[in-house]
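Everything numeric here is computed off the predicted structure, so don't read it as measured data. Residue indices begin at 1 and follow the sequence shown.
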Amino acid sequence: DRLMNNVVDPTALPEDNPMRHLTFDVLQRAALRDALALARATGRTLLLPPLTCWCDRYWNALQRCRMAEAPREMRLPFACPMDHLFDV
């Protein structure tokens, strides 16, 4: 897949770098797209797999990919809801 050939290795980026989140997002979306296509082609129902986020989603400024009020022990990555990656 041409998309995958142009993706930066996300593990080479610092944990709190927004590009790490965006790179993993591209990979997750591609995997989900393929899984949905396979489910449709085989007449199956796709169960949404767990999604992982490397940055919180917030309408205001983030500090190190976290909301300013986030506890210091908030670890990255974290399991995130679907609306962190998709507009639903």
Side-chain angles (χ1 to χ4, degrees):
D1 186 34
R2 197 170 53 115
L3 171 69
M4 296 306 179
N5 292 335
N6 295 325
V7 172
V8 174
D9 177 12
T11 60
L13 298 168
E15 175 186 86
D16 58 359
N17 184 323
M19 283 306 297
R20 186 173 184 134
H21 170 77
L22 295 173
T23 303
F24 273 112
D25 182 39
V26 167
L27 298 172
Q28 286 186 108
R29 286 174 186 264
L32 193 55
R33 176 204 60 212
D34 295 348
L36 182 58
L38 183 61
R40 290 185 78 184
T42 59
R44 301 289 187 124
T45 300
L46 175 65
L47 298 179
L48 188 65
L51 301 172
T52 302
C53 287
W54 286 88
C55 280
D56 212 350
R57 183 171 181 177
Y58 187 53
W59 59 270
N60 205 346
L62 295 174
Q63 296 175 357
R64 296 180 53 235
C65 282
R66 298 165 180 87
M67 293 186 339
E69 301 82 24
R72 287 207 170 270
E73 61 272 1
M74 179 184 170
R75 308 216 14 108
L76 297 177
F78 61 95
C80 58
M82 185 171 62
D83 68 348
H84 270 46
L85 299 177
F86 298 97
D87 291 328
V88 292

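- Heavy atoms of other residues, nucleotides or ligands lying less than 6.0 angstrom from CZ of Arg40 number 12 at most.
- Atom CE of Met74 has more than 12 neighbouring heavy atoms from other residues, nucleotides or ligands inside a 6.0 Å radius.
- To the nearest 0.5 Å, atom CG of residue Asp25 and atom CZ of residue Phe86 are 7.0 Å apart.
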>> Could you walk me through whether Arg57 and Asp87 satisfy the salt bridge (charged side-chain N to carboxylate O under 4.0 Å, His left out) test, starting with their C-alpha distance in whole Å, then the side-chain angles of each, then the deciding distance to 0.1 Å, before giving a yes or no?
In response: CA-CA 11 Å; Arg57 183 171 181 177; Asp87 291 328; 2.9 Å; yes
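- A pairwise comparison of heavy atoms in Leu85 and Cys53 identifies CD2-SG, 3.9 Å as the closest pair.
- Proximity of Arg20 to Leu76: side-chain heavy atoms (C-beta onward) are nowhere separated by under 4.5 Å.
- Linking ILVMFWY residues whenever their side-chain heavy atoms come closer than 4.5 Å, directly or via other members, places Leu32 and Met82 in the same cluster.
- Of the inter-residue distances, the one linking Cys55 atom SG with Leu62 atom CG reads 6.5 Å to the nearest 0.5 angstrom.
- At least one test fails for Arg66 against the ring of Phe78: distance under 6.0 Å to the centre or angle within 45° of the axis.
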Listed pairs under 3.5 Å, donor-acceptor, residues 44-52 side chains, sequence neighbours left out:
none

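- A distance of 9.0 Å separates CG of Asp56 from NE2 of His21, quoted to the nearest 0.5 Å.
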